[in-house]
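Structure, as C-alpha coordinates:
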Amino acid sequence: MYKKQWNRAIRQTNCVHRSGGVSSGACSTNASPYIIAFGVAQLILSQIKNFGQLWWLSSVAAAMSFTYSFIGLGLEIAKFASTGRIKGTITGVSIGPTVTPVQKVWRVFQALGNIAFAYSYNMILIEIQVSLPFLPKFSNQFVRPTQVHLFRYQDTVKSPPSELETMKVANRFSVAVTTLFYMLCGCFGYAAFGDSSPGNLLTSTGLKPYWLLDIANVAVVLHLLGAYQVYSQPLFAFVEEKAAKWFPDSRFVNKETKIRLPGSSKDGNYYYNFNMFRLVWRTVFVVVSTVISVLVPFFNDVVGLLGAIGFWPLTVYFPVEMYIAERKLARWSRTWVLLKLLSFGCFVVTLVAAAGSVAGIIDDLKASKGS
(Lines give C-alpha, C1' and ligand atoms only; values in the text may rest on other atoms or scores of the structure.)
Protein backbone atom coordinates (compact mmCIF):
# COMPACT_ATOMS: atom_id res chain seq x y z
CA MET A 1 0.00 0.00 0.00
CA TYR A 2 2.70 2.50 1.02
CA LYS A 3 5.08 1.53 -1.75
CA LYS A 4 2.29 1.80 -4.31
CA GLN A 5 1.76 5.43 -3.37
CA TRP A 6 5.39 6.52 -3.55
CA ASN A 7 6.54 4.44 -6.50
CA ARG A 8 3.62 5.88 -8.41
CA ALA A 9 4.47 9.36 -7.14
CA ILE A 10 7.95 9.25 -8.69
CA ARG A 11 6.62 8.27 -12.10
CA GLN A 12 3.72 10.70 -11.88
CA THR A 13 5.75 13.77 -10.90
CA ASN A 14 8.27 13.06 -13.66
CA CYS A 15 5.44 12.71 -16.17
CA VAL A 16 3.90 16.01 -15.06
CA HIS A 17 7.27 17.72 -15.31
CA ARG A 18 7.95 16.39 -18.84
CA SER A 19 4.47 17.30 -20.06
CA GLY A 20 4.76 20.88 -18.87
CA GLY A 21 2.50 20.73 -15.81
CA VAL A 22 -0.58 18.89 -17.05
CA SER A 23 -2.97 17.47 -14.52
CA SER A 24 -1.80 14.40 -12.69
CA GLY A 25 -4.81 12.49 -13.98
CA ALA A 26 -3.22 12.39 -17.44
CA CYS A 27 -0.09 10.79 -15.97
CA SER A 28 -1.57 7.86 -14.07
CA THR A 29 0.62 4.77 -13.88
CA ASN A 30 0.17 1.11 -13.03
CA ALA A 31 1.70 0.60 -9.59
CA SER A 32 1.52 -3.21 -9.54
CA PRO A 33 5.00 -3.85 -11.03
CA TYR A 34 6.58 -1.60 -8.38
CA ILE A 35 4.70 -3.34 -5.58
CA ILE A 36 5.84 -6.73 -6.86
CA ALA A 37 9.45 -5.52 -7.06
CA PHE A 38 9.19 -4.29 -3.48
CA GLY A 39 7.77 -7.65 -2.46
CA VAL A 40 10.70 -9.47 -4.10
CA ALA A 41 13.13 -7.32 -2.11
CA GLN A 42 11.25 -8.17 1.09
CA LEU A 43 11.40 -11.88 0.28
CA ILE A 44 15.17 -11.61 0.45
CA LEU A 45 15.38 -9.32 3.48
CA SER A 46 12.85 -11.42 5.40
CA GLN A 47 15.24 -14.35 5.47
CA ILE A 48 17.50 -12.42 7.87
CA LYS A 49 16.57 -14.44 10.89
CA ASN A 50 16.40 -12.01 13.80
CA PHE A 51 15.86 -8.42 14.79
CA GLY A 52 19.32 -7.95 16.29
CA GLN A 53 20.94 -8.42 12.88
CA LEU A 54 18.92 -5.55 11.40
CA TRP A 55 20.63 -2.67 13.22
CA TRP A 56 22.18 -1.41 9.98
CA LEU A 57 18.86 -1.59 8.13
CA SER A 58 17.14 0.28 10.94
CA SER A 59 19.84 2.97 10.84
CA VAL A 60 19.42 3.44 7.10
CA ALA A 61 15.65 3.62 7.53
CA ALA A 62 15.99 6.30 10.21
CA ALA A 63 18.32 8.36 8.00
CA MET A 64 15.87 8.11 5.11
CA SER A 65 13.04 9.17 7.40
CA PHE A 66 14.84 12.38 8.32
CA THR A 67 15.68 12.93 4.65
CA TYR A 68 12.15 12.90 3.31
CA SER A 69 10.79 14.69 6.38
CA PHE A 70 13.15 17.64 5.95
CA ILE A 71 12.56 17.75 2.18
CA GLY A 72 8.79 17.60 2.58
CA LEU A 73 8.75 20.27 5.26
CA GLY A 74 11.07 22.50 3.24
CA LEU A 75 8.93 22.20 0.10
CA GLU A 76 5.79 22.96 2.10
CA ILE A 77 7.35 26.08 3.61
CA ALA A 78 8.50 27.17 0.16
CA LYS A 79 4.99 26.59 -1.24
CA PHE A 80 3.45 28.57 1.60
CA ALA A 81 5.99 31.40 1.22
CA SER A 82 5.30 31.64 -2.53
CA THR A 83 1.64 32.51 -1.93
CA GLY A 84 2.14 34.55 1.22
CA ARG A 85 -1.26 33.63 2.65
CA ILE A 86 -2.86 30.88 4.70
CA LYS A 87 -5.30 28.88 2.58
CA GLY A 88 -6.66 26.66 5.34
CA THR A 89 -9.05 27.57 8.14
CA ILE A 90 -9.07 26.77 11.85
CA THR A 91 -12.19 24.63 11.40
CA GLY A 92 -10.67 22.46 8.68
CA VAL A 93 -12.15 21.48 5.34
CA SER A 94 -15.09 23.67 4.31
CA ILE A 95 -18.51 22.04 4.06
CA GLY A 96 -19.94 22.41 0.58
CA PRO A 97 -20.81 20.53 -2.62
CA THR A 98 -17.84 18.16 -2.32
CA VAL A 99 -17.87 17.54 1.44
CA THR A 100 -21.03 17.03 3.52
CA PRO A 101 -21.18 17.50 7.30
CA VAL A 102 -21.36 13.71 7.79
CA GLN A 103 -18.34 13.15 5.54
CA LYS A 104 -16.37 15.75 7.48
CA VAL A 105 -17.12 13.95 10.75
CA TRP A 106 -16.00 10.64 9.26
CA ARG A 107 -12.81 12.27 8.00
CA VAL A 108 -12.04 13.63 11.46
CA PHE A 109 -12.47 10.14 12.89
CA GLN A 110 -10.28 8.70 10.14
CA ALA A 111 -7.59 11.28 10.91
CA LEU A 112 -7.55 10.08 14.51
CA GLY A 113 -6.77 6.60 13.18
CA ASN A 114 -3.91 7.97 11.08
CA ILE A 115 -2.45 9.68 14.15
CA ALA A 116 -2.87 6.51 16.22
CA PHE A 117 -1.05 4.51 13.55
CA ALA A 118 1.90 6.91 13.70
CA TYR A 119 2.41 6.27 17.42
CA SER A 120 1.93 2.48 17.47
CA TYR A 121 5.56 1.58 18.00
CA ASN A 122 5.58 0.07 21.49
CA MET A 123 6.26 -3.49 20.26
CA ILE A 124 9.53 -2.24 18.78
CA LEU A 125 10.61 -0.81 22.14
CA ILE A 126 10.19 -4.24 23.71
CA GLU A 127 12.28 -5.83 20.97
CA ILE A 128 15.06 -3.28 21.49
CA GLN A 129 15.51 -3.77 25.22
CA VAL A 130 14.74 -7.48 25.63
CA SER A 131 17.62 -9.76 26.60
CA LEU A 132 18.31 -13.47 27.15
CA PRO A 133 20.21 -14.16 30.38
CA PHE A 134 19.71 -17.92 30.16
CA LEU A 135 18.62 -20.66 27.81
CA PRO A 136 14.94 -21.73 28.06
CA LYS A 137 14.03 -25.28 29.04
CA PHE A 138 11.54 -27.73 27.61
CA SER A 139 10.53 -30.68 29.82
CA ASN A 140 13.51 -30.06 32.12
CA GLN A 141 15.89 -30.39 29.18
CA PHE A 142 17.85 -27.51 27.72
CA VAL A 143 16.72 -26.44 24.29
CA ARG A 144 18.54 -28.19 21.47
CA PRO A 145 21.41 -26.39 19.74
CA THR A 146 19.36 -26.29 16.53
CA GLN A 147 16.65 -24.34 18.36
CA VAL A 148 18.83 -21.70 20.01
CA HIS A 149 18.47 -19.40 16.99
CA LEU A 150 14.76 -19.15 17.66
CA PHE A 151 15.41 -17.40 20.97
CA ARG A 152 16.96 -14.37 19.34
CA TYR A 153 16.88 -12.17 22.41
CA GLN A 154 20.10 -10.34 23.08
CA ASP A 155 21.24 -7.13 24.75
CA THR A 156 20.73 -4.42 22.16
CA VAL A 157 20.88 -1.63 24.76
CA LYS A 158 24.21 -1.44 26.54
CA SER A 159 24.66 -0.28 30.12
CA PRO A 160 25.60 1.82 31.99
CA PRO A 161 23.49 3.88 32.08
CA SER A 162 20.70 1.49 32.94
CA GLU A 163 18.46 0.18 30.15
CA LEU A 164 15.48 1.78 31.88
CA GLU A 165 17.02 5.26 31.78
CA THR A 166 18.24 4.80 28.21
CA MET A 167 14.80 3.72 26.99
CA LYS A 168 13.10 6.58 28.83
CA VAL A 169 15.34 9.12 27.14
CA ALA A 170 14.96 7.46 23.74
CA ASN A 171 11.18 7.31 24.11
CA ARG A 172 10.84 10.95 25.09
CA PHE A 173 13.17 12.11 22.34
CA SER A 174 11.48 10.03 19.63
CA VAL A 175 7.97 11.14 20.61
CA ALA A 176 9.04 14.79 20.79
CA VAL A 177 10.79 14.72 17.39
CA THR A 178 7.97 12.77 15.76
CA THR A 179 5.30 15.12 17.11
CA LEU A 180 7.29 18.19 16.06
CA PHE A 181 7.66 16.96 12.48
CA TYR A 182 4.03 15.87 12.24
CA MET A 183 2.77 19.20 13.52
CA LEU A 184 5.04 21.25 11.26
CA CYS A 185 4.31 19.16 8.15
CA GLY A 186 0.58 19.07 8.84
CA CYS A 187 0.21 22.76 9.61
CA PHE A 188 2.42 24.09 6.80
CA GLY A 189 0.90 21.63 4.33
CA TYR A 190 -2.63 22.70 5.16
CA ALA A 191 -1.64 26.36 5.14
CA ALA A 192 -0.10 25.93 1.67
CA PHE A 193 -2.84 23.82 0.03
CA GLY A 194 -5.95 24.50 2.10
CA ASP A 195 -8.93 22.27 1.33
CA SER A 196 -7.08 20.75 -1.64
CA SER A 197 -4.38 19.23 0.58
CA PRO A 198 -3.56 15.71 -0.67
CA GLY A 199 -3.56 12.74 1.65
CA ASN A 200 0.17 12.34 1.02
CA LEU A 201 1.97 15.60 0.40
CA LEU A 202 4.96 13.89 -1.19
CA THR A 203 2.66 12.42 -3.84
CA SER A 204 1.35 15.89 -4.72
CA THR A 205 2.27 17.48 -8.05
CA GLY A 206 1.82 20.91 -6.44
CA LEU A 207 5.26 20.78 -4.84
CA LYS A 208 8.39 21.78 -6.76
CA PRO A 209 11.17 21.22 -7.78
CA TYR A 210 10.28 17.75 -9.05
CA TRP A 211 13.81 16.37 -8.74
CA LEU A 212 13.85 17.14 -5.03
CA LEU A 213 10.43 15.56 -4.67
CA ASP A 214 11.81 12.46 -6.39
CA ILE A 215 14.67 12.27 -3.89
CA ALA A 216 12.16 12.44 -1.05
CA ASN A 217 10.06 9.66 -2.56
CA VAL A 218 13.13 7.48 -3.12
CA ALA A 219 14.00 8.04 0.56
CA VAL A 220 10.49 6.91 1.48
CA VAL A 221 10.89 3.70 -0.51
CA LEU A 222 14.25 2.98 1.17
CA HIS A 223 12.72 3.77 4.55
CA LEU A 224 9.87 1.34 3.91
CA LEU A 225 12.32 -1.39 2.95
CA GLY A 226 13.66 -1.21 6.48
CA ALA A 227 10.39 -0.36 8.23
CA TYR A 228 8.68 -3.44 6.77
CA GLN A 229 11.34 -5.64 8.36
CA VAL A 230 11.46 -3.77 11.66
CA TYR A 231 7.74 -4.35 12.15
CA SER A 232 7.63 -7.85 10.63
CA GLN A 233 10.63 -9.45 12.35
CA PRO A 234 8.99 -9.58 15.83
CA LEU A 235 6.01 -11.39 14.28
CA PHE A 236 8.32 -13.74 12.39
CA ALA A 237 10.22 -14.62 15.54
CA PHE A 238 7.05 -15.04 17.62
CA VAL A 239 5.55 -17.56 15.18
CA GLU A 240 8.83 -19.44 14.87
CA GLU A 241 9.23 -19.68 18.63
CA LYS A 242 5.70 -21.00 19.02
CA ALA A 243 6.27 -23.53 16.25
CA ALA A 244 9.47 -24.75 17.93
CA LYS A 245 7.63 -25.16 21.21
CA TRP A 246 4.66 -26.97 19.69
CA PHE A 247 6.74 -29.24 17.43
CA PRO A 248 10.07 -29.80 19.21
CA ASP A 249 10.80 -33.00 17.25
CA SER A 250 9.99 -31.65 13.79
CA ARG A 251 12.98 -31.47 11.48
CA PHE A 252 10.98 -29.19 9.17
CA VAL A 253 10.63 -26.63 11.97
CA ASN A 254 13.92 -26.98 13.81
CA LYS A 255 16.61 -28.27 11.47
CA GLU A 256 19.29 -25.70 10.63
CA THR A 257 21.63 -26.17 7.69
CA LYS A 258 24.79 -24.08 7.48
CA ILE A 259 25.38 -22.68 4.00
CA ARG A 260 28.74 -21.03 3.39
CA LEU A 261 28.29 -17.60 1.81
CA PRO A 262 30.09 -16.77 -1.46
CA GLY A 263 33.50 -15.21 -0.95
CA SER A 264 34.12 -16.70 2.48
CA SER A 265 36.97 -19.10 3.09
CA LYS A 266 36.49 -22.70 4.20
CA ASP A 267 37.55 -21.78 7.70
CA GLY A 268 35.58 -18.55 7.70
CA ASN A 269 32.57 -17.78 9.88
CA TYR A 270 30.36 -16.33 7.16
CA TYR A 271 27.54 -18.83 7.04
CA TYR A 272 23.81 -18.59 6.49
CA ASN A 273 21.68 -20.83 8.70
CA PHE A 274 18.99 -22.18 6.40
CA ASN A 275 15.72 -23.31 7.94
CA MET A 276 12.88 -24.68 5.83
CA PHE A 277 10.06 -23.54 8.11
CA ARG A 278 11.47 -20.01 8.23
CA LEU A 279 11.73 -19.93 4.44
CA VAL A 280 8.17 -21.14 3.87
CA TRP A 281 6.45 -19.11 6.62
CA ARG A 282 8.15 -15.81 5.86
CA THR A 283 7.71 -16.24 2.11
CA VAL A 284 3.99 -16.87 2.52
CA PHE A 285 3.66 -13.80 4.75
CA VAL A 286 5.43 -11.51 2.28
CA VAL A 287 3.51 -12.88 -0.70
CA VAL A 288 0.15 -12.42 1.02
CA SER A 289 0.98 -8.86 2.13
CA THR A 290 2.16 -8.03 -1.40
CA VAL A 291 -1.05 -9.34 -2.96
CA ILE A 292 -3.12 -7.32 -0.49
CA SER A 293 -1.11 -4.21 -1.39
CA VAL A 294 -1.89 -4.74 -5.07
CA LEU A 295 -5.60 -5.15 -4.35
CA VAL A 296 -6.02 -2.26 -1.85
CA PRO A 297 -5.98 1.13 -3.59
CA PHE A 298 -7.05 3.27 -0.62
CA PHE A 299 -4.15 4.73 1.31
CA ASN A 300 -5.48 7.04 4.03
CA ASP A 301 -8.53 4.97 4.92
CA VAL A 302 -6.58 1.74 5.31
CA VAL A 303 -3.84 3.44 7.36
CA GLY A 304 -6.55 4.84 9.62
CA LEU A 305 -8.16 1.43 10.03
CA LEU A 306 -4.84 -0.28 10.82
CA GLY A 307 -4.00 2.44 13.31
CA ALA A 308 -7.38 2.12 14.99
CA ILE A 309 -7.14 -1.67 15.29
CA GLY A 310 -3.67 -1.69 16.80
CA PHE A 311 -3.66 1.51 18.83
CA TRP A 312 -5.73 0.81 21.95
CA PRO A 313 -4.88 -2.85 22.69
CA LEU A 314 -1.15 -2.69 21.90
CA THR A 315 -0.21 0.91 22.67
CA VAL A 316 -2.53 1.71 25.58
CA TYR A 317 -4.39 -1.19 27.21
CA PHE A 318 -1.63 -3.76 27.71
CA PRO A 319 1.07 -1.24 28.75
CA VAL A 320 -1.32 0.38 31.23
CA GLU A 321 -2.41 -2.95 32.70
CA MET A 322 1.21 -4.11 32.99
CA TYR A 323 2.14 -0.87 34.76
CA ILE A 324 -0.76 -1.25 37.19
CA ALA A 325 0.23 -4.86 37.92
CA GLU A 326 3.95 -4.09 38.26
CA ARG A 327 3.35 -1.12 40.57
CA LYS A 328 0.60 -2.98 42.47
CA LEU A 329 -1.64 0.08 42.33
CA ALA A 330 -4.64 -0.05 44.65
CA ARG A 331 -8.06 -0.02 43.06
CA TRP A 332 -9.72 3.41 43.00
CA SER A 333 -6.50 5.16 43.94
CA ARG A 334 -5.92 8.42 42.08
CA THR A 335 -3.27 6.97 39.76
CA TRP A 336 -5.36 3.86 39.09
CA VAL A 337 -8.41 5.96 38.19
CA LEU A 338 -6.42 8.30 35.92
CA LEU A 339 -4.84 5.39 34.06
CA LYS A 340 -8.21 3.70 33.60
CA LEU A 341 -9.70 6.97 32.30
CA LEU A 342 -6.79 7.30 29.89
CA SER A 343 -7.33 3.74 28.66
CA PHE A 344 -11.07 4.28 28.24
CA GLY A 345 -10.55 7.55 26.38
CA CYS A 346 -8.13 5.90 23.97
CA PHE A 347 -10.60 3.04 23.52
CA VAL A 348 -13.22 5.56 22.41
CA VAL A 349 -10.67 7.05 20.00
CA THR A 350 -10.07 3.58 18.57
CA LEU A 351 -13.79 2.98 18.04
CA VAL A 352 -14.48 6.28 16.29
CA ALA A 353 -11.29 6.03 14.22
CA ALA A 354 -12.24 2.54 13.05
CA ALA A 355 -15.75 3.71 12.19
CA GLY A 356 -14.44 6.69 10.22
CA SER A 357 -11.94 4.58 8.32
CA VAL A 358 -14.51 1.92 7.43
CA ALA A 359 -16.86 4.64 6.20
CA GLY A 360 -14.02 6.06 4.09
CA ILE A 361 -13.22 2.66 2.60
CA ILE A 362 -16.90 2.15 1.70
CA ASP A 363 -17.00 5.54 -0.03
CA ASP A 364 -13.79 4.74 -1.91
CA LEU A 365 -15.17 1.37 -3.03
CA LYS A 366 -18.30 3.08 -4.33
CA ALA A 367 -16.21 5.68 -6.15
CA SER A 368 -13.93 3.04 -7.70
CA LYS A 369 -16.91 1.01 -8.94
CA GLY A 370 -18.49 4.14 -10.35
CA SER A 371 -15.34 5.00 -12.29
Side-chain angles (χ1 to χ4, degrees), residues 1-3 6-7 34-65 120-132 135-136 143-158 170 218-245 247 250-265 268-293:
M1 179 176 57
Y2 296 99
K3 51 266 190 189
W6 280 291
N7 285 327
Y34 301 99
I35 302 174
I36 295 172
F38 188 93
V40 170
Q42 294 302 335
L43 283 175
I44 298 172
L45 293 175
S46 293
Q47 298 309 314
I48 301 175
K49 68 179 182 181
N50 63 45
F51 182 86
Q53 293 177 324
L54 290 179
W55 63 268
W56 59 271
L57 193 59
S58 180
S59 299
V60 171
M64 294 300 100
S65 178
S120 298
Y121 64 92
N122 58 296
M123 68 289 293
I124 304 302
L125 292 179
I126 296 174
E127 286 293 320
I128 291 173
Q129 65 183 342
V130 73
S131 61
L132 176 63
L135 288 175
V143 66
R144 301 170 183 177
T146 55
Q147 294 175 318
V148 172
H149 75 282
L150 295 172
F151 299 88
R152 80 287 183 197
Y153 305 129
Q154 55 187 303
D155 282 324
T156 53
V157 178
K158 304 301 180 182
V218 169
V220 171
V221 174
L222 294 176
H223 177 209
L224 293 176
L225 283 170
Y228 185 102
Q229 290 302 313
V230 168
Y231 278 88
S232 298
Q233 287 285 339
L235 176 61
F236 292 158
F238 173 80
V239 172
E240 288 158 16
E241 288 170 15
K242 289 297 183 182
K245 186 175 181 179
F247 308 102
S250 172
R251 290 173 60 85
F252 174 76
V253 173
N254 299 307
K255 183 181 179 181
E256 291 277 336
T257 303
K258 284 184 176 294
I259 300 176
R260 189 159 54 90
L261 296 178
S264 62
S265 62
N269 296 322
Y270 298 103
Y271 288 93
Y272 173 74
N273 291 320
F274 174 79
N275 176 270
M276 183 58 71
F277 176 73
R278 181 167 63 243
L279 174 65
V280 173
W281 143 241
R282 297 188 182 196
T283 298
V284 170
F285 179 90
V286 174
V287 169
V288 171
S289 64
T290 301
V291 171
I292 293 175
S293 296

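Computed from a predicted model, the values in this text were never measured in an experiment. The residues of the chain are indexed from 1 along the displayed sequence. Atoms considered below: every heavy atom in the structure, side chains included; atoms not considered: hydrogens, waters and symmetry mates.
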TODO: Work out which heavy atom in Val287 is nearest to a heavy atom in Leu43; give both atom names and the distance.
DONE: CG2-CD2, 4.4 Å
- [ ] Measure across Met64 and Ala219 and return the closest heavy-atom pair with its distance rounded to 0.1 Å.
- [x] CB-O, 3.3 Å
- [ ] For Glu240 and Phe277, indicate whether the former's side chain and the latter's backbone hold a donor-acceptor pair under 3.5 Å.
- [x] no
Task: Asn254 to Ala244 - nearest heavy-atom pair and separation - done: OD1-CB, 3.5 Å
Open item on the list: Side chains of Val280 and Phe252, heavy atoms from C-beta outward: is any pair under 4.5 Å?
Closed with: yes
TODO: Mind running side chain to side chain contact (heavy atoms under 4.5 Å, CB included) on Leu222 and Leu225 for me, showing each step along the way?
DONE: CA-CA 5 Å; Leu222 294 176; Leu225 283 170; 3.9 Å; yes
Open item on the list: Determine whether a donor-acceptor pair (N or O, by modelled atom type, separation under 3.5 Å) exists between the side chain of Ser289 and the backbone of Val286.
Closed with: yes
Open item on the list: To the nearest 0.5 Å, what is the distance between CZ on Arg282 and CG on Leu45?
Closed with: 11.0 Å
- [ ] Decide yes or no on side chain to side chain contact (heavy atoms under 4.5 Å, CB included) for Phe236 and Gln47, but give the supporting numbers first.
- [x] CA-CA 10 Å; Phe236 292 158; Gln47 298 309 314; over 6 Å; no
Open item on the list: Working to the nearest 0.5 angstrom, can you tell me the gap between Trp281 CH2 and Thr283 OG1?
Closed with: 11.0 Å
Open item on the list: Strictly distance-based, threshold 3.5 Å: is any side-chain N or O of Asn275 a donor or acceptor partner for the main-chain N or O of Lys255?
Closed with: yes
Open item on the list: Do Val239 and Phe285 make a side-chain contact, defined as non-hydrogen atoms from C-beta onward lying under 4.5 Å apart?
Closed with: no
Task: Shortest non-hydrogen contact between Leu224 and Gln42, atoms and distance - done: O-NE2, 3.9 Å
Task: Distance-minimising heavy-atom pair for Gln233 and Ile48 - done: NE2-O, 2.9 Å
